[in-house]
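Notes to accompany the following structure.
Chain A is the first sequence line, chain B the second, and so forth, proteins listed ahead of strands; every chain is numbered from 1. The basis for the numbers below is simple: all heavy atoms, side chains too, and nothing from hydrogens, waters or symmetry mates.
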There are 2 protein chains.
Amino acid sequence: MSSLPPRHPTARHSPTTQRGLKRREALLDAAQRLFLERGFSQVSVNDIVAEAGGSLSTLYRHFGNKEGLFQAMVERRSHHVYATLTGDDIDELPVEAALIRFGTSLLHKAMDDEALGIYREVVAESPRQPELARRFFDAGPGRMRRVVTDYLDRRIADGRLPHGDTAELAGMYLGMVLGEWHLIQLLQLEAPPSARAIDDRVERCAALFLSGLLARQP
Amino acid sequence: MSSLPPRHPTARHSPTTQRGLKRREALLDAAQRLFLERGFSQVSVNDIVAEAGGSLSTLYRHFGNKEGLFQAMVERRSHHVYATLTGDDIDELPVEAALIRFGTSLLHKAMDDEALGIYREVVAESPRQPELARRFFDAGPGRMRRVVTDYLDRRIADGRLPHGDTAELAGMYLGMVLGEWHLIQLLQLEAPPSARAIDDRVERCAALFLSGLLARQP
DNA sequence: AAGAAAGCGTAGCATACACTACACCTAGAA
DNA sequence: TTCTAGGTGTAGTGTATGCTACGCTTTCTT
């Protein structure tokens with residue numbers, strides 16, 4: 001049985017010096033590589049130190065414990081990822097083109113090896129680390145859904161789409177785009193789809209979704 | 001670092017006697033409960049024996065090692081689950097009603113605690129146990145997609161739906177139904193939706209999807 | 001230059017855990 | 001009743017691993 005987490009989560013320590021930041025980054029880099037490659041429970045803290053080149057003491061001073069390191073790694077990465085989600089001209093595009101842009105963006109992100117690794121680990125650890133789960137969702141899938149929801153709201157406001165539950169619709173559209181592909185990549189059952197295949201699928205999704213939306217008005 | 005799996009996967013042993021079968025089932029029951037509750041790496045074989053009441057030697061005679069037990073558990077459960085997927089009258093229903101039946105069936109299954117537990121564990125272990133991943137997919141999500149694909153094929157054959165890539169369409173529809181709900185349940189971010197909420201969502205999905213499908217013909 | 005803050009490195013503790021060995025018991029078929 | 005395959009129980013073994021201790025060195029500030 002695993003020991004309970006230490007009573008005092010050993011308050012994390014933010015380094016101030018250049019050298020400190022460098023060491024912290026190196027540790028996070030190593031953690032990222034190893035955790036995503038082998039999985040949280042398959043990597044020891046010693047492995048990470050060996051990879052990063054720092055020292056065990058430094059690791060514990062910065063992150064408190066193994067879970068703290070994991071969390072810091074996931075957080076850092078979440079910031080990197082969902083940066084350039086939409087161009088600024090998104091509202092000028094035809095609706096279908098905008099949907100296509102959202103879709104391909106999502107699919108490219110979701111098929112990425114590193115993103116799949118994070119997803120696997122977070123899903124696996126979520127029952128033990130609920131806060132991590134929430135942060136992952138908010139920074140990743142939740143954010144994406146929010147962007148699409150807002151977009152749909154604006155299109156309803158300017159009359160280019162009929163009224164509807166935009167949050168739900170956004171979830172449906174994004175789910176449709178991912179379809180079974182996401183799971184297939186998570187389980188590594190097939191080679192990842194080509195950029196071309198992604199574009200094709202998303203095009204058909206957008207067309208179907210938009211037709212459905214527009215046809216729905218009585 | 002964890003030791004490599006034993007070179008000879010210690011050929012599994014199928015018991016013949018009543019008593020043997022009973023013991024095997026008890027072990028699988030305990031494994032299922034504990035693995036799905038706490039996760040594969042958080043449960044020791046000793047925990048399982050303590051829960052099941054058998055003896056460690058018996059466990060190893062039957063399943064060879066810890067992964068063997070896990071695999072046997074997943075397999076046994078896969079058989080149980082996807083039994084009554086479609087009534088036999090599915091082809092007589094209006095298409096929309098059939099879609100709704102598929103959708104609610106999927107959503108009920110996917111929101112089930114035990115199913116979520118298996119999903120988490122399989123996703124987490126899949127990089128280390130690719131065969132398990134394939135079997136899970138084939139017995140679960142893959143099977144579901146196949147059923148819908150076949151249904152769509154029949155509707156195209158009898159002219160009630162326009163021509164299209166049925167496998168892709170099935171994946172899209174099922175993905176749309178799951179949407180973000182599946183992830184939210186996986187991460188335990190919200191309480192599970194009520195039966196009523198499930199029905200509502202699926203109804204809207206089916207309507208949107210079908211409208212889109214039918215509108216698509218030029 | 002001095003002193004503090006942070007980093008390094010090694011050594012080790014305590015424990016958990018997969019798996020094995022071995023001696024003994026039980027059930028049920030012949 | 002006896003024979004035997006399979007079940008039980010306990011006591012290990014080897015090792016991995018999270019985490020701490022501690023003494024030394026480097027870097028930065030003042």
Anything under 30° is parallel, anything over 60° is perpendicular, the rest tilted; go ahead and classify A:F40 against A:F35.
tilted
Closer than 4.0 Å, any side-chain N/O of [X] to the OP1 or OP2 of [N]?
X	N	answer
A:S55	C:dG7	no
B:H62	D:dG6	no
B:R61	D:dG6	no
B:T58	D:dT8	yes

Atom-pair distance ([atom1] on [X]; [atom2] on [N]), nearest Å:
X	N	atom1	atom2	answer
B:R23	C:dC25	CZ	C1'	14 Å
B:L56	C:dT20	CG	P	10 Å
B:Q42	C:dA16	CD	P	13 Å
A:E25	C:dG7	CD	P	13 Å
A:F70	D:dG18	CZ	C1'	17 Å
A:K22	D:dT26	NZ	P	16 Å
A:L69	D:dG18	CG	C1'	13 Å
B:L59	D:dT10	CG	C1'	16 Å

For A:Y173, run the ring-ring contact (aromatic ring centres under 6.0 Å, His included) check against A:Y151, A:F209, A:F102 and tell me which one passes.
A:F209
Residue set satisfying salt bridge (Lys or Arg N to Asp or Glu O under 4.0 Å) with A:D113, at least two apart, ordered chain then number -> none
Sequence neighbours excluded, which residues qualify as salt bridge (Lys or Arg N to Asp or Glu O under 4.0 Å) partners of A:R120?
none
From the options [options], select the nucleotide whose nearest atom is closest to the side chain of [X].
X	options	result
B:K66	C:dC8, C:dC19, D:dC19	C:dC19
A:Y60	C:dG7, D:dC19, D:dG7	D:dC19
A:V45	D:dA11, D:dG18, C:dA18	D:dG18

Can you tell me if A:R146 has over 12 outside heavy atoms packed within less than 6.0 Å of its CZ?
no
Can you find a donor-acceptor N/O pair under 3.5 angstrom joining the side chain of B:S57 to the base of D:dG9?
yes
